[in-house]
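Read the structure below first, then the notes.
Nothing fancy with the numbering, it's 1 onward along the sequence. When reading the values below, keep in mind they use all heavy atoms of this one structure, side chains included, and skip hydrogens, waters and symmetry mates.
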Amino acid sequence: MMSFPRGSQTQKIRHPIGTRKGPLEVPPPTEKDWPKDDEEDNVLVDPDEELDFLPQPYRMINKLVNLLFDQSWEIIEERNALRETESSQIQPTVFPPLGEIQLNKMPNCMAVSQDYVFIGGAKGFAIYNIYNAKQIYAWEKLKVDVTSIWATDLGNEILIAPVDEMGVIRLFYFYKEGLYLVKAINEVDDTSKQTTCIKMEVSQGGDFAAFLLQGAGDIWLDVYKLPKETWLKKVENPQLTSNPKKKVRQLQLNTLGLTSADQLEMDTNACFKGDIKLSLPVYIMKIKPPKPVTGTTFKSPLEVFAKIKDCYGLGSGQNHFIKDSQWEQQAEIFQASYKKYLDGEWEEEPLSTATFYFLLPSCLFAMPTEVKGPTGMTCVLGIHWTRSHNFFLYSLNRTLKDKADPEGVWPCAAPIAVSQLSCSSSYLLLACEDGVLTLWDLAKGFPLGIAALPQGCFCQSIHFLKYFLVHKGQNMYPEGPVKSQMKCVVLCTDASLHLLEASGTQGPTISVLVERPVKHLDKTICAVAPVPALPGMVLIFSKNGSVCLMDVAKREIICAFAPPGAFPLEVPWKPMFAVSPDHPCFLLRGDYSHETESTDDAGIQYSVFYFNFEACPLLENISKNCTIPQRDLDNMAFLQALPLEKRCERFLQKSYRKLEKNPEKEQAPEKEQAPEKEQAPEKEQAPEKEQEPWARLQRYSLLLQRQSFKK
């Protein structure tokens, strides 16, 4: 038999016609459908089309080129399909910014409080007016840059806390256009002993502050009591009115967009008053991470119970009667059971960190009777550490001499990964590493329920929403207080977004707002921020730099916001923004693009853009009419959102109003009303029948009163 060289993928072996056995088979029209197992039995239709066999390495190069071409073609088809779907979809309206704060230095952080914007950057921070974008004051007395900044509203005052590159945090007191330095919390003379501030929290009302510090391979939490009443007495000017800030704020709000350049120059600037020394914060407590659980040192169980005084620390796992030999035996069993998963190099665990909150008095933790203070004053500090199952509660009614032991422990089945406290301090949500969410109603003192995220989803961040109702297709806030009702959005590590709803009588429910992106990774959600001025609205920041406003009730995008084309987001996966809690606006940093040729903006490197929701036609009516009056709630189907006492009270008030409208009919004898009732039509008798039970109840109450008087 004569043989021929084998060709490439397009060439097949050719047999002589005289030596072929069996019936002739017509090959398929394309080589793509040829089976691979009997490839040698197929022949070409035309033997003259056979080409020479490619030698190595050209055969491998040919395969790589074909593979690259196929992959490129798939990407092209995918992008074309994406363009077609985007063109067919209705794109949201994009609104430009209303104002701009021009900066020559790179801003590193930003915070908003009341009518002011605090921007941290090179050698300090600056204060700007949120309405006219005018700089009020710049404190630049550092040798390093400010990397993060917090601003807390204390009513008429603002507490500012910037952190520089060395990790030093300073407290500033801002009152009536005056800036005062309170203290550098962790500044030391020896730089080798310098500690770093990771985060800080100020209690509601500004009575306490906590700072998470790190240094020398250790981490701890320092808690201070702030003498804000003493500060106010030192800086207050009795010649001014008691509350001039609100008048100025209202004037600026009404003249927004109508202020001339001359009027802007007449605005008073803030000044730094370093000659006034304010009282230092009082150091009350130092909290360290819980020690690893080791073998017991007690000789009997009685010593364990004697160690626990007043049940303090019960549940933390520190005081136990488990010996070292038992721990070693348990470790050996664990190593033997999961040996194949534990083999390999172990990475060093990072240093533990903490998440902490200041909690108000409630059924779970009340203020001691001997402590004198205003009602609603913070009394407990809640904290959980990384890789810890426990949420610890520490009383703030102590001094530095007292031992920092927790007064309460809330254990969880898995380590707590993320937690969040609502703005009203009424709800606490604990998200564990296994995807289980536990929601606590702190005011009532019981959990609202437990929910689980979908399989494979793990919590990344939690954002509480102010409770809202949907009335006539529009999201609105109830005018009165709402108890045991909450809504929040949960951003997961896979970039999916979920809505969690819970009530006192119903279990929590989870619904998906945004699915996990599979093909279009540029639409991955990087950050979420609720908008307090718009009920049920959240800002969504995506990896591609887009900023969209979403209605969580309708699960749809309302509109989008974008800076000018010359100022794209430099780091879209980590945007720098701040949403105002008091005004319908937010601020977004945009960096100048050097690729864009512009002579006017040659000296401007960075900008912070001001977006106003009321300036958008789609949102103007929503922000101005976002509250339901109490009288409208009576005729709505949302009475379940109110407490039971309020519902009963309104029902009785409504019934008494009906009695007051027809007093003569109720006071007349029943015998005289009988013929009138027979002659009256059925429509007129209907309201009287409704009033009969209440009339009987009223007569019965009078009878009981008479009997009590006779006794």
Side-chain angles (χ1 to χ4, degrees), residues 150 152-155 157 159 161 169 171 173 182-183 185-186 197-213 219-232 278-290 308-316 353-385 388 390-410 416 419-428 430 440-443 445:
W150 290 272
T152 306
D153 186 3
L154 303 182
E157 319 98 298
L159 193 64
I169 183 169
L171 280 185
Y173 186 74
V182 179
K183 181 186 177 182
I185 298 297
N186 59 331
C197 180
I198 301 176
K199 65 174 68 172
M200 66 90 63
E201 286 287 342
V202 179
S203 65
Q204 187 174 349
D207 297 297
F208 298 91
F211 306 91
L212 185 63
L213 304 178
I219 189 169
W220 66 93
L221 185 70
D222 285 344
V223 185
Y224 291 83
K225 187 173 183 180
L226 305 180
K228 64 173 188 175
E229 296 179 357
T230 307
W231 295 345
L232 187 60
L278 300 182
S279 302
L280 300 179
V282 181
Y283 187 39
I284 62 173
M285 184 170 38
K286 182 178 183 179
I287 303 175
K288 292 186 177 182
I308 303 175
K309 297 180 181 180
D310 299 330
C311 298
Y312 287 170
L314 185 63
S316 62
T353 185
T355 305
F356 47 95
Y357 309 99
F358 289 98
L359 308 178
L360 298 177
S362 65
C363 299
L364 296 175
F365 23 80
M367 181 76 74
T369 55
E370 64 272 9
V371 178
K372 295 182 180 180
T375 57
M377 181 178 177
T378 304
C379 64
V380 171
L381 175 70
I383 180 174
H384 68 86
W385 299 87
S388 175
N390 301 323
F391 187 80
F392 298 94
L393 301 173
Y394 293 85
S395 174
L396 297 173
N397 180 31
R398 67 176 75 216
T399 60
L400 189 59
K401 297 180 180 180
D402 300 331
K403 192 175 181 181
D405 289 334
E407 275 72 18
V409 181
W410 292 355
I416 303 174
S419 65
Q420 186 62 45
L421 182 70
S422 63
C423 297
S424 61
S425 300
S426 300
Y427 306 102
L428 176 66
L430 302 177
W440 284 87
D441 186 348
L442 301 179

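Considering all non-hydrogen atoms of both residues, A404 and R398 come closest at CA-NH1, 3.5 Å. Contact record, L221 with A210: CD1-CB, 4.0 Å, taken as the closest heavy-atom pair. Of all non-hydrogen atoms in P281 and L171, the two that sit nearest each other are CG-CD1, 4.2 Å. Here the shortest heavy-atom pairing between M377 and L360 reads C-CD2, 4.3 Å. Closest approach of L381 to Y357, counting heavy atoms only: CD1-O, 3.2 Å. Nearest heavy-atom pair, M285 versus Y283, reported as atom, atom and distance to 0.1 Å: O-CE1, 3.2 Å.
Taking CG of L359 as the start and CG of L421 as the end, the distance is 6.0 Å to the nearest 0.5 Å. Note that the OG atom of S279 and the CG atom of L226 stand 11.5 Å from one another [nearest 0.5 Å]. Rounding to the nearest 0.5 Å gives a distance of 7.0 Å between CG of N186 and CD1 of I169. To the nearest 0.5 angstrom, K199 atom NZ is 14.0 Å from F211 atom CZ.
Looking at heavy atoms from C-beta onward, F358 lies out of side-chain contact with D207 at the 4.5 angstrom threshold. When side chains are defined from C-beta on, S426 does not count as touching L442, because their heavy atoms never get closer than 4.5 Å. Proximity of F392 to I287: side-chain heavy atoms (C-beta onward) are nowhere separated by under 4.5 Å. Between L278 and Y173, the closest side-chain pair of non-hydrogen atoms falls below 4.5 Å. T355 has its side chain out of reach of I416: every pair of non-hydrogen atoms, C-beta onward, lies at least 4.5 Å apart. Put simply, the side chain of L159 reaches to within 4.5 Å of the side chain of W231, judged on heavy atoms. You'll find the side chain of L396 reaches within 4.5 Å of the side chain of V223, heavy atoms only.
Within a 6.0 Å radius of NZ in K225, other residues, nucleotides and ligands contribute 12 heavy atoms or fewer. Within a 6.0 Å sphere centred on NZ of K286, heavy atoms belonging to other residues, nucleotides or ligands number more than 12.
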Item checked: D441 and Y427: CA distance, side-chain angles, deciding distance, side chain to side chain contact (heavy atoms under 4.5 Å, CB included) verdict -> CA-CA 5 Å; D441 186 348; Y427 306 102; 3.9 Å; yes

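Q204 and S425 form a side-chain donor-acceptor contact under 3.5 Å, judged by distance and modelled atom types alone.
Note on ring orientation: taking the six-membered ring where Trp is involved, the planes of F391 and H384 are tilted (angle from 30° to 60°).
Looking only at distances, no side-chain donor or acceptor of N397 sits under 3.5 Å from a matching main-chain atom of C379.
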